[in-house]
Amino acid sequence: MSQTITVQHDGASAELESGATALEALKALEAVRGQIVAATVDGHEWDLDRPVPDGAELAAVYADTEQGRAILRHSTAHLMAQAVTQLFPGAKWAIGPPIEDGFYYDFDVERPFTPEDLEAIEARMAALAREKQTYVRVEVTREAALDEFADQPYKTEVIELVDAGTIVSAVDTAPEEATGDGDGPTFTVYRNVRPDGSVAWSDLCRGPHVVSTERIPAFKLLRSAGAYWRGREDRPMLQRIYGTAWESKKALTAHLELLEEARKRDHRKLGRDLELVHFPEELGPGLSIFLPAGAMVRKLMEDWIRDETLARGYQPVYTPHIAKEDLWHISGHLENYAELMYPGMDLDDSDRGGEGQEHRPGSAYRLKPMNCPFHILAFTSRTRSYRELPIRISELGTVYRYERSGVVNGMLRARGFTQDDSHIFCRDDQVVDEIADCVEFARDLYRVFGLGEPSRVAISTRPEKSLAGNDEAWAAAEQALIDAVARTGLPYETDPGEGAFYGPKIDIHARDAIGREWQLTTVQIDFNLPERFDVSYVGADGAKHRPYMVHRALFGSIERFFAVMLESFNGAFPTWLAPEQVRVVPVAADFLDYAQEVAGALRAHRVRVEVDAGDGTLGNKIRDAQTSKVPYSLVVGGSEADAGTVAIRPYHGEQRKDVELDAFVHELVDEIEQKRPPQPLPGGPT
RNA sequence: GCCGAGGUAGCUCAGCUGGCUAGAGCAGCCGCCUUGUAAGCGGCAGGUCACGGGUUCGAGUCCCGUCCUCGGCUCCA
């Protein structure tokens with residue numbers, strides 16, 4: 001008995017025979033415009049060759065969308081796993097999800113993969129893709145799944161975890177619980193089937209997948225690395241292979257070029273080439289030196305933030321870099337954070353050759369990993385009245401954290417770094433205002449430093465293991481954060497359970513010039529420290545009250561923000577931040593006097609200018625100026641000296657000749673005062 | 001901390017399976033040349049081949065350890 005079903009798309013509907021696939025339905029609905037990899041059925045992702053239910057609302061998932069690429073990448077991960085199991089008999093496969101810009105798959109193998117292995121695997125993948133294997137979805141019972149993957153311990157574990165309901169789907173590709181015919185969850189298995197009907201490979205997987213391996217247009221394996229099973233240090237370390245896959249060769253090439261561009265912009269490389277920063281081995285991992293040029297950029301960042309905090313009612317303080325261990329016991333850092341603190345400096349007299357003196361308890365000191373306790377001591381230096389709140393204590397505080405050896409990364413993750421750190425103590429009725437001001441402050445900062453609007457604002461709520469604050473306090477604080485962000489009009493998302501143990505927080509991210517996102521600003525409410533230090537103010541009622549304590553760092557870390565800017569600008573800072581703003585290049589030694597005159601006119605306006613007095617050729621000097629990424633080179637020779645003009649060669653933009661010196665000075669001073677960003681590159685020098 | 005890949009001049013790199021006194025380009029220094037928009041010419045100097053052991057007649061090269069860097073994992077109060 002032939003039945004018909006009705007399907008819909010965006011107001012249109014079509015009648016089909018029962019058992020029609022998603023692809024047939026989409027075609028009938030004329031809902032296909034381009035390269036598709038899957039469908040959605042009532043919002044759920046659906047294989048194109050899977051029959052659709054009656055009454056379904058369908059839509060196509062296109063290959064050139066993030067959703068489509070994720071499916072493509074997931075299918076590519078399966079292809080890779082198949083290749084690995086062929087080339088490495090006995091390899092156990094764990095999980096292989098799509099991730100941003102690619103995918104990975106984890107394997108338990110005899111030995112780690114080598115770069116040559118990756119080439120071989122990639123070649124095998126290409127061969128398998130040519131076999132035109134289809135991805136066939138099969139629903140099986142728990143028992144059948146356990147039976148099928150009996151020799152795959154990681155798959156077995158996944159099945160049991162799903163069964164126990166303990167699996168968290170964030171990371172892995174655990175199958176969703178399908179509504180089966182009754183008893184127990186149904187698992188889905190995807191089989192790679194060759195055209196002759198034989199099964200090449202199978203994986204426990206939620207899907208969906210592309211219809212066939214020939215629908216994977218472009219992929220590349222990128223690297224291998226160790227990774228703990230289920231991300232837990234106490235579990236075995238598996239070997240992970242990262243790869244990427246795209247809807248076209250062109251898109252893949254563009255992505256690989258972006259990776260290459262990111263590599264060229266690495267702040268460690270630019271920092272060295274432009275002589276901004278130095279990471280000498282003698283200093284130790286995670287520690288850096290700002291060379292004069294980098295120090296100038298940093299000084300300008302610090303000047304700006306100091307001036308702005310002052311203008312916004314913050315009070316600057318200065319605090320030491322070390323403090324007695326007692327302080328860190330009170331703060332709780334030695335209980336909760338000791339692993340990340342440098343060891344104590346024990347001032348036991350015996351170590352110093354002292355005689356006849358007793359060891360004094362509490363003589364050990366610690367380098368500070370955070371500024372908060374010091375700022376609290378500034379607040380509690382006397383009794384505080386409700387009338388003087390909010391009190392905003394501010395400092396560029398350098399902290400030292402003993403980050404684990406594998407995580408240190410240039411200036412992005414350092415062991416010594418400086419925070420533009422402030423702690424705001426305020427009343428309940430002030431907290432929303434204060435937090436909204438922090439967010440607006442961050443917004444202004446990104447704008448001034450050329451990073452545009454925040455790309456993401458994330459509010460993290462109470463984690464499971466919170467150690468301070470009661471239900472009521474957390475709920476109120478979370479609401480305060482939400483209200484504050486809402487007031488700024490910025491879109492935000494919430495990360496449930498991602499808050500710190502001591503309070504909820506807002507993290508603000510920005511996107512750089514090549515599209516990468518960086519977490520910079522953090523604004524956090526702290527319930528813990530005020531209790532530990534018994535921080536209070538006297539209210540209108542004459543009683544003691546506990547203030548809100550808000551911790552905020554807008555740059556986050558000066559070093560990190562510096563590195564992000566360096567990479568985003570590709571070393572070519574906007575003029576107001578450039579260490580050297582102008583290079584005057586005489587065309588020959590005869591015109592050195594005029595070059596100095598030009599430089600003097602600029603210096604009179606505090607422009608940072610250098611004269612190239614070298615005896616190289618003009619071409620050589622121009623090249624030096626360009627590779628140094630100086631915003632403006634001024635070429636001067638006979639005609640300029642006679643007319644009192646300059647020839648301007650900007651780093652970004654068009655050359656201009658015969659410009660009056662005064663006119664240029666005016667323009668430049670204005671650009672610097674306005675902190676105008678650099679011109680976008682029209683395919684110019686990079 | 002764990003897995004992997006690395007460490008040769010200030011920088012970028014060469015140095016094959018162990019075998020002359022470890023090379024090149026750029027940068028630096030010295031000299032020559034000197035008017036127009038991305039590398040003028042010549043010379044000189046520069047290395048404890050990360051560090052420490054070991055194997056060997058002989059180690060930049062092979063083995064072990066340490067330090068450091070890079071890519072991941074974990075962590076990120």
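All values below come from the heavy atoms of this structure, side chains included, with hydrogens, waters and symmetry mates left out. Quantities reported herein were computed from a predicted structural model and do not represent experimental measurements.
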Whether A:His321 and A:Tyr400 hold their rings parallel, tilted or perpendicular, with breakpoints at 30° and 60°: tilted
Parallel, tilted or perpendicular, as decided by the 30° and 60° cut-offs, for the rings of A:Tyr548 and A:Phe527: tilted
Ring centers of A:Phe103, A:Tyr105 separated by less than 6.0 Å: no
Roughly, in whole Å, what's the span from [atom1] in [X] to [atom2] in [N]?
| X | N | atom1 | atom2 | value |
| --- | --- | --- | --- | --- |
| A:Asp615 | B:U34 | CG | P | 12 Å |
| A:Glu281 | B:G6 | CD | C1' | 12 Å |
| A:Leu238 | B:G72 | CG | P | 18 Å |

A:Asn620 side-chain N/O to B:G40 phosphate OP1/OP2 under 4.0 Å: yes
With a non-hydrogen cut-off below 4.0 angstrom, is [X] in contact with a base, only sugar-phosphate, or nothing?
| X | answer |
| --- | --- |
| A:Gly619 | sugar-phosphate |
| A:Ala225 | base |
| A:Tyr502 | base |

Closest to the A:Ile622 side chain, choosing from B:G36, B:A38, B:U74: B:A38
Earlier contact from the 5' end, RNA chain B, for A:Phe113 and A:Met370: A:Phe113
Upstream residue (5' side of RNA chain B) when A:Lys505 and A:Arg623 are each assigned their closest nucleotide: A:Arg623
